[in-house]
Every structure is written in structure tokens, then in C-alpha cells.
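To keep things clear, I will list the structure first and then write my remarks on it.
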Amino acid sequence: MRIIRYREKSSLANARKNRLEIIAAGLSRRELIKYGLISSSGYLIFKNGLSQYASGVAWGKDASGGTGTTGLTSPPTRAFIEAMPIPPVRRPVAAVAGPAPTINPNTSGGEGRTRPHQAFTKYPSKFPFAPAIKFETHQRPGQMMMSPDLPLQTIWGHDGIWPAPTYYAAYGQQILVRNFNDLPDPSQNGGFGIPEVSTHLHNLHSPSESDGFPCDFFGRGKFYDHHYTNVLAGFASTHPPDGDLNEALGTLWYHDHRVDFTAQNVYKGLAGFYLLYNQSDTGDEQTGFRIPGVGGSSFYDPVQFDVPMMLADRVFDPGTGQLFFDLFNLDGILGDKFLVNGKVQPFFEVEPRRYRFRLVNSGPSRWYEVFLTDQGSNTQVPFWLIANDGNLLPAPLRVTSVAAAVAERRDIIIDFRQWAGKTLYLENRLEQTDGRGPTGNTLPAGAGNFLLQFRVKAKVSTADNSLDPSQMRFYSLPDKTAPARVTRTFHFERGNGQWQINGRLMDADCSTVRLRVKQNSVENWVLQNNSGGWMHPIHIHVEEFQILSRNGVAPSPFEVSRKDVAPLHHNENVRLFFRFRDWEGRYPLHCHNVVHEDHAMMLRWDIDQTGDTNATP
Amino acid sequence: MPTSNSANSAPAAKKSWGTSAVREVIRKRYFPDVTLTTQQGKQVRLYDDLIKDKIVVMNFFYATCEGICVPLTSNLVKVQALLKARVGKDIFMYSFSLKPALDTPEVLHDYARRFHAGPGWLFLTGAADDMELVRRRLGFVDPDPAIDADKTSHTGMVRYGNEPLQLWSACPGMSRPDSLVKSILAVDWKGGQRRG
């Protein structure tokens, strides 16, 4: 499935550049093979492996002809020698530490929240206070090994780990998360990251005060209670009392969103998964939609064969081996090391059966197109796409690749039955050399960035009772024909190196409300990329959209879906259908290339009772 | 054929990692050791005199620029007014010339006076190579070489940071002045830290 519309660029120049860099790096042939850079037959495997870091290709060269600010090549690391970890599932607590939860912000008690929880007062019968299910999370430093060829890394993580613990949540069961900021003094930040946080639960249909709005950050020593309502959109409007099942969400992730510092804080590790189950998507392959998954006796036991995978690219300082963040990069940061669930190029042992994998592109800036590669024959192996941005499609799609811009999620089903005793690879074949977007080339099978190695065992230990994906049917798409109360257009532009939306800049304190949506109304939003050679994944909080058209024509089948990120390729025009429901308050629209986001490619909009009709806010 | 498998066998030789202090790593990477000249004709070292131990606000401009520089400099004048006496005490503002050959200290002095830039705000020039090096290292560049070469399209971004706390970010220089101040104060000394 090819979706990116690329700008033309020769891959030959890159291949040559890579070879020159390999020569310059002074690696012997034996070392090249050891580090997985070439095959024994001499074929350049990780064609981009050495040089795909920070934007600097164009500007990183300093006047002396050196490589300047971004001319870093990470230390060599061996591939596929450590198993991919699966983040632990978070368990509820009987009571949260500190004062009892309150509806109003407990400022004197040390809470950083600024607005009351709206659900408990607006819909008290639906959301009795306080939620029975409570969690506690502590954002604090931790040490982890990303590769045995690198020193221990000091990260910031929820409970000190990256990826953070995974939440399992169920529709109809509201939860309260007490979120503590136990991060250190900024002088202990290891060179980047600010110890002020606003944890965004990406794509939950969430009240504003629990959304993780960029300016709702709170400082060290404080806590913030998030109320995750786990309620279907429409519960208080179009589909009372329980909401529209066809709006069910599945794969969400949570990450820091502190205005101006999101890229640094997420790069440091403040990100994890949040999985939502319901009566159809049960986590049990013998019930509901029968998607692969075998749970334990407790809801919080890890669901086997239902595996989250957080994709990330990083650079490590060649001198110290420590995680390197290019502080002065304005374009977008690319890493030359590819990590899945916090490990550089891990392997993952699987049984010869079906699995559900939940991929998230956690950024900071890279666009992926992930293939399943049989390296024996250098061919691509088909698999199933079942969800776009965590939302199940009407039915699975048979695909040979999935593309994902930053923050996009892709749930896939891979059937390993035919591969017992063999290995397969997840391979990113989308070429990208700077922060602006991919180059336009899809690399040949076996010549891209190998993300992970599947080692397929000879036999299954747990019988596969999942349904054949060709037989699966999921939710219907909600109506998108209702007339819009207003159609608004957003032009994304760049002038004198500054990001602008409709010619205006973002305010650092999020004080300017650029548009007001009338609660429970339908709107069409048109996203127009006028920024020249730049691509942008645009994310809009609180309500999902459906794409009405991409450049005037119907979207590709995999985008016939509910979504929360709209990738904008060069000069694209994407028209979206929204129905804003149930909640009120402030939310952002922003680019999810987090380096662009931190440099003000964002605006604030609100939902209220009256709304406005500003067509170019 | 999978290259990776050969990687399984031999463990990598134990490498001893450098232990440079992070602050030093940042200094080496971003702050080249060059000497620049202020609008008063004073020689200053980029790191030792301008950045070390300070909160700084930095942009690029040139005196004859008729595009973004005029509104940008005017905006920064308002920022300076809002930051009051802290500018020159623990917060310092630096405007680096993109045309150092034309922007002599006298020209810069005149420019600063024309805009009523107050004390604690230095306008800097230097050898062309040094200024270019500083521009690239500080990241005031565009990845498109044609745009980067066109001085009229130069970036209006303002970089701000707290050197000892290792807190750095950037924002559009044409933001509202009070918004710019809020951004800059995000890197202010945190509770109990020394000031300046």
C-alpha cells in the first residue's frame, strides 16, 4: 500500500553518500557485517543506517567543512541480539497517595490542575464521584539498557521506564489517574528536557482538563488528577445514554505535551500505551470480533498475542554513548538507530499463529512505511491492517505495507503459520534524509531500516482460536453526510522560518482562542499545506474525524476510517468531517512532527455553547 | 544472508565511554570558540562572555534588512521593556549580524540607537567565517539551500535558553511580546536556583 506522494529525488546520490560515509567511518568489512550494515555478499543492507540523523544534511555543515551541530553518527550497535520487551500492564491501586481526589483542583494540596472535572458535575449519574478504579503514575528518572553496545541510558519515564506501563481500560469503566511529577531539577536533565509536564492521552474522547492540554503543565513535586471517562462519543448528545459503539477507540497512547518542550520530553521517554477494550474488541480471541489475544484470569494480566510496539528513532553521542537530542534543530530530528519498545533493533520470538500488533510511530519526526520482509528471498510478505489510528476499520485490509507519520497508530495482524522455524523482519523502507519529510523513494526490500526480527518457533503452545481476518467485520463508520454548521480552512505556511496557520503565530501561553466550536455541532475542516517542501502530520484533539476527500478525491481504503492524525504531504488539501460532542473546553490543533510543534505550529480552539463561524481562524 | 545473524556471535569489545559533563558537551557542540565585536566595539568571546551562566535570547538580523528585521527588532524592543531590569543582569539579548562586512560596530551602534535598544542587548558582528559558523551552530538555518542563501528570507525564530540549567528552546520572534516573554521565562531559574 503506497500512500505517500513524494517529491522526486534521486536515490543514487544517497547511496553514494552512504558508501562514502561508511568509508569515512573507517569500518572494516567484518565490522560492517557485524553491525548489520552489509550482507556477506556485500549488499548494503542498512543503506541509511549510518547517516540518518538530525536534519543537518543541508545546514549541519559548518564553515570549516565539518559536520557541525548535527554531524553525529551513533556508535555501532549489533542488531537482533536482545529480545523486544513488552511494557508491563499497569495495575490499579486501592487508594492514591496524597489527599483524597477532589472535583475542584486541590491547589493547596499540591495539585497542578486549574479547572474542575466537568464530567462529575455535568453528568453525575453517568460519572459518580470518585471513580472506583484508580491508578497512580510517577514521572521520574530511570536507567535502562537500549543496546548492550551502549552504556546505560538515563531516561525520564512514567514509573521510571520507557515505554511507560500500558494501561488496560474498558468502556463503561471510568478511571482516575493521579499523575505525580517526580522529575529532577533541570540541571540534572542530562542536556535536554524540562521537568514540567502535561500528559496527553492521545485520542481519548476526554474532557479538556484531563486531555493534557499543552499549557496545562505542572511542575516538580506536584500532582495532577486525570479523569479518563472511557465513554463512547455521543453519550450526552447523538447517542444517549451510552454513546455510539461505532465510535469505539482501541489503541491510544499517552505522551508529554508540555508546550515548547514536547519533543525533548518525549525523546527522554515520557510515552506509553493506553488500550481500550469493550464487548466487541475484548482481548480474547474466542469472543467478540475474535481478534488475536489470550487474556489471563485478571483483566490486568497481559493479553498474549496482542502486542504493542512503540517505534522510535534516536541518536547516541559517539563519545559518551548517551542519548543525544539536537537542541538547536528546527526542522525535525531523525535518528540513525531504530528502536522498538526501547530496544535498538530487537528480536521477538513468536509462535506460528496469528498475532495482533499495535504499532505507534512515537517520533520525533520520522515517517515510516513498514513492510514485512522475508530476507531469504528479499520479498515482502502480505499481512492485515485492521485499525487506523487505533480505530478498527469496517473490515481488515490485506496489505503489503503500512505507512505511519508521527503519532499515527496501525494495528495489524500477522499470520506466522507458514513461517514456522523461520525469520521475518519488520522493515521501514521509506527513505528520509531530513526533517522535512520523506524523499520520495521507497527502498527495495532488504535495503531499508530493519526495525525488528521475528523468530518464528517451530510449534504453537497456545492454539490459535482467532477468526480468519478475511472473515472479520468490525464497526460501521458513523454518518458523515450531515451538513456542516461551518466549514473552516487552515493554511499551513512557513514564512521567515516561522510556522504559521492562516498567517498567524501561536502564543506561548495558549491564551488566544482561534476558533470556537458550538458543542454538539457538525463542522468540516479543510487542512491545506502551503509550506513548500515540508510535510506535516496534523493532530486534532478530543474528537475523531473522517476524511471526506484528499486533494478532491475520495481517500484510499485504509483512510476510510476514523482518525486523529491527518498526514499532509506536499501541497495537499484534506477535507475532514467532525462532530464535536459531549465535552467543553480548550483543545489544540498542531503538527505532530514534535519539533515543528515545539516551534509553534499549533493553535488553540475551544468548544462552548455558542461557537463562532470564523471560516479562516 | 541475514547480516544480522552474524551479529549474534561475537560480542562487541568493551568500549570505555567518555564521561564529559553534559554542559561541556553542549558547549562544544553549539558554541564555537570565536571572538565577536559588539556595537560598542568591544571584543567578546561567544561562550565565556555571552552565554556562560546566563539566560540568553538570540536572533539574527542585518542593519539594511527591510523585511522581517524591522518588525522583529521592534518586537524585541517590547520584549526588553517587559523584562525590565533583568536584561543586562541575568538575562541578555543578542542580535547577530547576517552581513558582518557591512554591519560594522558603528553601523550596529547606530541601529541599536535608532530602535532604542537598551543596555544588556548586544548587536554583534565579526569575521564573516566566524559569524557563519555561529549561525550554523546555533541553528539559524533553513534546510533548503536556496532559501538559506537568500538573506531576505532569513529566519525570524528567536532562540532562548538557560545555559547552566541546560534548558533551550526557540519560538517565532514575531509572536506577541508578552508571549515571547512567557516563553523566555520558561527557562528562568527554577526554585532555589541561583540568579545570574
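Every value quoted in this text rests on a predicted model; they were computed, and no experiment measured them. In the text below, chain A, chain B and the rest are named by the order of the sequence lines, each starting its count at 1.
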I need the [X] [atom1] to [Y] [atom2] distance, nearest 0.5 Å.
| X | Y | atom1 | atom2 | result |
| --- | --- | --- | --- | --- |
| B:Gln166 | A:Gln188 | CD | CD | 8.5 Å |
| B:Ser183 | A:Asp509 | OG | CG | 8.5 Å |
| A:Asn189 | B:Leu165 | CG | CG | 8.0 Å |
| A:Ser511 | B:Arg176 | OG | CZ | 4.0 Å |
| B:Arg29 | A:Leu72 | CZ | CG | 4.0 Å |

Taking all non-hydrogen atoms of both residues, which atom of [X] and which atom of [Y] are closest, and how far apart?
| X | Y | answer |
| --- | --- | --- |
| B:Trp17 | A:Pro318 | CZ3-O, 4.0 Å |
| A:Phe261 | B:Ser169 | CZ-CB, 3.7 Å |
| B:Tyr160 | A:Asp260 | OH-OD2, 3.0 Å |

Which atoms of B:Ala186 approach chain A - backbone, side chain, both or neither, heavy atom under 4.5 Å: both
Heavy-atom cut-off 4.5 Å, strictly under: side chain, backbone, both or neither for B:Phe31 against chain A? side chain
A:Phe316 meets the ring pair (Phe, Tyr, Trp, His ring centres under 6.0 Å) criterion, sequence neighbours left out, with none
I'd like to know which of B:Leu167, B:Ile26, B:Val25, B:Val187 tops the heavy-atom pair count under 4.5 Å against chain A. B:Leu167
Donor-acceptor pair, distance only, cut-off 3.5 Å: does the side chain of [X] make one with the backbone of [Y]?
| X | Y | answer |
| --- | --- | --- |
| A:Asn496 | B:His154 | yes |
| B:Ser179 | A:Ala508 | yes |
| A:Gln498 | B:Ser175 | no |

Looking at [options], which makes the most heavy-atom pairs under 4.5 Å with chain B?
| options | answer |
| --- | --- |
| A:Ala263, A:Gly495, A:Gly193, A:Gly497 | A:Gly497 |
| A:Leu505, A:Leu150, A:Thr320, A:Ile194 | A:Thr320 |
| A:Leu327, A:Val259, A:Asp317 | A:Leu327 |

Side chain to side chain contact (heavy atoms under 4.5 Å, CB included) partners for B:Ser153, two or more places apart: B:Ile147, B:Asp150
Side-chain ion pair, A:Arg494 and B:Asp144, N-O less than 4.0 Å: no
So what's closer than 4.5 Å to chain B heavy atoms on [X]: side chain, backbone, both or neither?
| X | result |
| --- | --- |
| A:Gln500 | neither |
| A:Gln322 | neither |
| A:Phe217 | neither |

Does atom NZ (B:Lys151) have a neighbourhood of more than 12 heavy atoms from anything else shown, all under 6.0 Å? yes
Surrounding CD of B:Glu66 (heavy atoms of other residues, nucleotides or ligands, distance under 6.0 Å), is the total greater than 12? no
Do B:Val22 and A:Phe192 come within less than 4.5 Å of each other through their side chains, counting heavy atoms only? no
Can you say whether the rings of B:Tyr30 and A:Phe328 are parallel (under 30°), tilted (30 to 60°) or perpendicular (over 60°)? tilted
